[in-house]
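To keep things clear, I will list the structure first and then write my remarks on it.
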Amino acid sequence: MTRTTPTRRILLAAAAATVLALGLTACGSDGTGGMGGMDHAASPSATATGSAAGHDMAGMSHGPDGGMSGTSGTSGMPGTGGAAADGLAAEQGGYRLDGALSGGEYRFTVTGPDGKALTSYRPEQTKEMHFYAIRSDLSGFRHLHPVMSPDGTWTAPLTDLQPGDWRMYASFVPGAGSGAGTGLVLSRTAAVPGQAAPVPLPAAAASTTADGYTVTVAGAPKAGAAGELTVTVSKDGQPVTDLQPYLETYAHLTAFHAGDQAFAHLHPEAKAAEGTGGGPTLAFHAELPKAGDWRLFLQFQTGGTLHTAALTLNVAA
């Protein structure tokens, strides 16, 4: 038997260490701090206000009317930077919403990071701007697509609003500035003068009716967790299969949290196919950031008429 001298053992150990170091260098860093063949970057969290592919949403805030908070995703829909987003910020990522309610109109502008009115927007679900108005008790709802003037001022017609406090939301994708391509939801409050009569929030229910249609919602989402809601539309006890495309889908679903009017856009799992009717069952990706009661507003179109159905959904912690 040949015995290994101490000197030889030292040389062999050094050689082995060198080989190991070279191997780690070859299969280690990929320029992003991750190991080769591994993705250490988390995919964008699925939330309630983004595209059917990205399922994102934005507008997180810690105050009712201002203060930047959170970051946004990069999908065509409003995004979230991993924190719960609720649409309650007036400013985010250098973009700011300013507006005023007067004479049955809400006129508003979005100021970009350069301090100028933003005039470049990317269409999202066929529209450059989705505007929402919700009464503080969730009894009033509007979803409009206003018109922008050349100077960047948007005008949303809001006639016949009931007296009380309302929150106005602008959901959009900037086409210019540091946030170009990133979906945002910004909002501010406005008061409608007159004697306000609060309306109690309807109890949570699995179904509701609107214009003769019955809408049933199935699913048990938990706060902050990705889930799915299934919506079924029927009429006179028969399944509805003639839903028409509306904003690239067969139905549009938004939700508002009782108490603070936090906003969520729940996204359909599939787009509408031209020339074919949709229904009776539609699947929506749902990630509602807070526990408690949410008021859901489902909009769908049949025979050229837009219908809006509302119901209350309780979300567990």
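Quick note: residue numbers are just sequence positions, from 1. Note that the structure is predicted; figures quoted are calculated from it, not measured.
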Does a side-chain heavy-atom distance below 4.5 Å link [X] with [Y]?
X      : Y      : answer
Val192 : Leu101 : yes
Val185 : Leu88  : no
Pro174 : Leu118 : yes
Phe284 : Glu269 : no
Leu247 : His143 : yes
Ser234 : Tyr213 : no
Leu298 : Leu311 : no

- Does the pair Arg135/Asp137 count as a salt bridge with the N-to-O cut at 4.0 Å? yes
Using a 3.5 Å distance criterion without hydrogens, assess whether the side chain of [X] forms a donor-acceptor pair with backbone atoms of [Y].
X      : Y      : result
His145 : Ala156 : no
His130 : Glu124 : yes
Thr281 : Thr232 : no
Thr126 : Pro123 : no
Thr153 : Thr109 : no

- Message: If hydrophobic clusters are built from ILVMFWY residues whose side chains come within less than 4.5 Å, do Val233 and Leu229 share one?
- Response: yes
- Query: Just by distance, with hydrogens left out, do Tyr95 and Thr182 show a side-chain donor and acceptor under 3.5 Å apart?
  - Reply: no
- Message: Checking Thr302 against His307: is there a side-chain donor and acceptor pair closer than 3.5 Å?
- Response: yes
- Message: Could you measure the distance from the CD atom of Gln244 to the CD atom of Gln301? Nearest 0.5 Å is fine.
- Response: 5.0 Å
- Task: Start with the C-alpha distance between His267 and Leu253, add both sets of side-chain angles, then the distance that settles side chain to side chain contact (heavy atoms under 4.5 Å, CB included), and finish with yes or no.
- Result: CA-CA 7 Å; His267 311 295; Leu253 184 58; over 6 Å; no
- Message: In terms of relative ring orientation, are Tyr132 and Phe141 parallel, tilted or perpendicular, with 30° and 60° separating the classes?
- Response: tilted
- How far apart are the C-alpha atoms of Ser187 and Arg167, what are their side-chain angles, what is the distance that settles it, and do they pass the side chain to side chain donor-acceptor pair (under 3.5 Å) test? CA-CA 7 Å; Ser187 70; Arg167 182 169 285 275; 2.8 Å; yes
- Qualifying residue for ring-ring contact (aromatic ring centres under 6.0 Å, His included) with Phe172, from Tyr121, Phe108, Phe131, Trp154: Tyr121
